[in-house]
Enquirer: 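If you scroll down you'll find the structure; I have some questions about it.
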Amino acid sequence: MNDVAISERERALEVALEALPYDTIGEVALLVGKPAPGEHVALPRVEVVKGFGFRGDHVLKSHWRGERVPGREVSAVSFEVAYVLGVDPLTIGDNVVTRGIDLRQLRMGDRVQIGTAILERSDRMHRPCHLFSQRTSPEAYAVVRRTNHRGALFNVVEPGSIAVGDAIVPLRRAQHG
């Protein structure tokens, strides 16, 4: 058993995250374009492109250590999670900031319709990284890593338009097992 000490602040964040009320359908609270590395811009509407993600984002957004990482066309984080962590969701830098839906409930292969676009939950986990720690706090990083509240990664199945306020509607449940 791992006896890692958890601070009172971390415990309070965990309790608050686990108490968040969610529904089965959500909405887009914020759209974040990434025109250059480290630059995050709030947008009212975006076009999503199959094989890439948000039109206008910089070409290295889906790269890590110089290599393209498949399954990272669109990243999402919950507004509620950002609020509990005390951080502006624009600072975190995920493409879609959701409201009202628990992204942890979406499994690999699950699809959602947002606006006219259809996205599919990637087989990659959306794990907090060094940048997430810098943009939030060490406590937020530790809690999100432990509780899997980082969000979700998606691939574009059907290109289309997404706007702030659009519903996020799950379309089907992937078959597992």
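For reference, positions follow the sequence shown, starting with 1.
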Enquirer: Is there side-chain contact between Y141 and L85, with at least one heavy-atom pair below 4.5 Å?
Expert: no

Enquirer: I'd like to know if R9 pairs up with E139 as an ion pair, taking the criterion as any Lys NZ or Arg NE/NH1/NH2 lying under 4.0 Å from an Asp or Glu carboxylate oxygen.
Expert: no

Enquirer: Given the rule in the side-chain contact (heavy atoms from CB on, under 4.5 Å) test, do R111 and V157 qualify, once you have shown the distances and angles that lead to the verdict?
Expert: CA-CA 9 Å; R111 293 182 177 189; V157 175; 3.6 Å; yes

Enquirer: Using modelled atom types only, decide if a donor and an acceptor are shared between the side chain of T116 and the backbone of S161 within a distance under 3.5 Å.
Expert: yes

Enquirer: Indicate the atoms forming the closest heavy-atom contact of V74 with N95, along with that distance.
Expert: CA-OD1, 3.5 Å

Enquirer: Minimum heavy-atom separation for A29 and F79, please, with both atom names.
Expert: CB-CB, 4.2 Å

Enquirer: Looking at side-chain heavy atoms only, is the closest gap between V32 and L43 below 4.5 Å?
Expert: no

Enquirer: Roughly how far, to the nearest 0.5 Å, is CD1 of I25 from CD1 of I168?
Expert: 10.5 Å

Enquirer: Count I, L, V, M, F, W, Y as connected when their side-chain heavy atoms are under 4.5 Å apart, and connections chain through other members. Are Y22 and V169 then in the same cluster?
Expert: no

Enquirer: Report yes or no: does D88 contribute a side-chain atom to a donor-acceptor pair with the main-chain N or O of L90 at less than 3.5 Å?
Expert: yes

Enquirer: Just verifying a value: how many Å separate L171 CG and E158 CD, rounded to the nearest 0.5 Å?
Expert: 10.0 Å

Enquirer: Taking all non-hydrogen atoms of both residues into account, name the closest pair between I92 and A82 and its distance.
Expert: CD1-CB, 4.0 Å

Enquirer: Looking at G93 and S75, what are the two nearest heavy atoms and their distance?
Expert: O-OG, 4.4 Å

Enquirer: Among the clusters formed by ILVMFWY side chains lying less than 4.5 Å apart, do I6 and V15 turn up in the same one?
Expert: no

Enquirer: Nearest 0.5 Å, what's the CG-CD1 distance between N155 and I118?
Expert: 13.5 Å

Enquirer: Measure the spacing between CG of D94 and CG of L31 and express it to the nearest 0.5 Å.
Expert: 12.0 Å

Enquirer: Is it true that E14 and R11 have a side-chain N and a carboxylate O under 4.0 angstrom from each other?
Expert: yes

Enquirer: Before accepting this row, confirm whether a basic side-chain N of the pair E18/R104 lies closer than 4.0 Å to the acidic partner's carboxylate O.
Expert: yes

Enquirer: Any side-chain to backbone donor/acceptor pair from D57 onto K34? Under 3.5 Å, distance only.
Expert: yes

Enquirer: How many angstroms lie between OG in S78 and CG in L17, if you round to the nearest 0.5 Å?
Expert: 8.5 Å

Enquirer: Tell me if a side-chain donor or acceptor on R121 pairs with a main-chain N or O of R124 at a distance below 3.5 Å.
Expert: yes

Enquirer: Would you compute the distance between atom OG1 of T136 and atom CZ of R150 and round it to the nearest 0.5 angstrom?
Expert: 8.5 Å

Enquirer: Please determine whether residues L20 and L13 belong to a single hydrophobic cluster, defined as Ile, Leu, Val, Met, Phe, Trp and Tyr linked transitively by side-chain heavy-atom distances below 4.5 Å.
Expert: yes

Enquirer: Mind checking what makes side-chain hydrogen bond (donor to acceptor under 3.5 Å, both in side chains) contact with Q134, not counting sequence neighbours?
Expert: H130

Enquirer: Using a strict threshold of under 4.0 Å (side-chain N to carboxylate O), is an ion pair present between E10 and R146?
Expert: yes

Enquirer: Using the rule that two of Ile, Leu, Val, Met, Phe, Trp, Tyr join whenever any of their side-chain heavy atoms come within less than 4.5 Å, decide whether I101 and F154 are in one cluster.
Expert: yes

Enquirer: What is the minimum heavy-atom distance between G100 and E80, and which atoms define it?
Expert: N-OE2, 2.7 Å

Enquirer: Would the number of heavy atoms belonging to other residues, nucleotides or ligands and lying under 6.0 Å from OH of Y83 be above 12?
Expert: no

Enquirer: Do L153 and V28 sit in one hydrophobic cluster, given that two such residues count as connected whenever their side-chain heavy atoms are within less than 4.5 Å of each other, even indirectly?
Expert: no

Enquirer: Quick one: closest heavy-atom pair of L103 and G151, and the distance?
Expert: CD1-CA, 3.9 Å

Enquirer: Output yes when a side-chain donor or acceptor of E73 lies under 3.5 Å from a complementary backbone atom of V156, and no otherwise.
Expert: yes

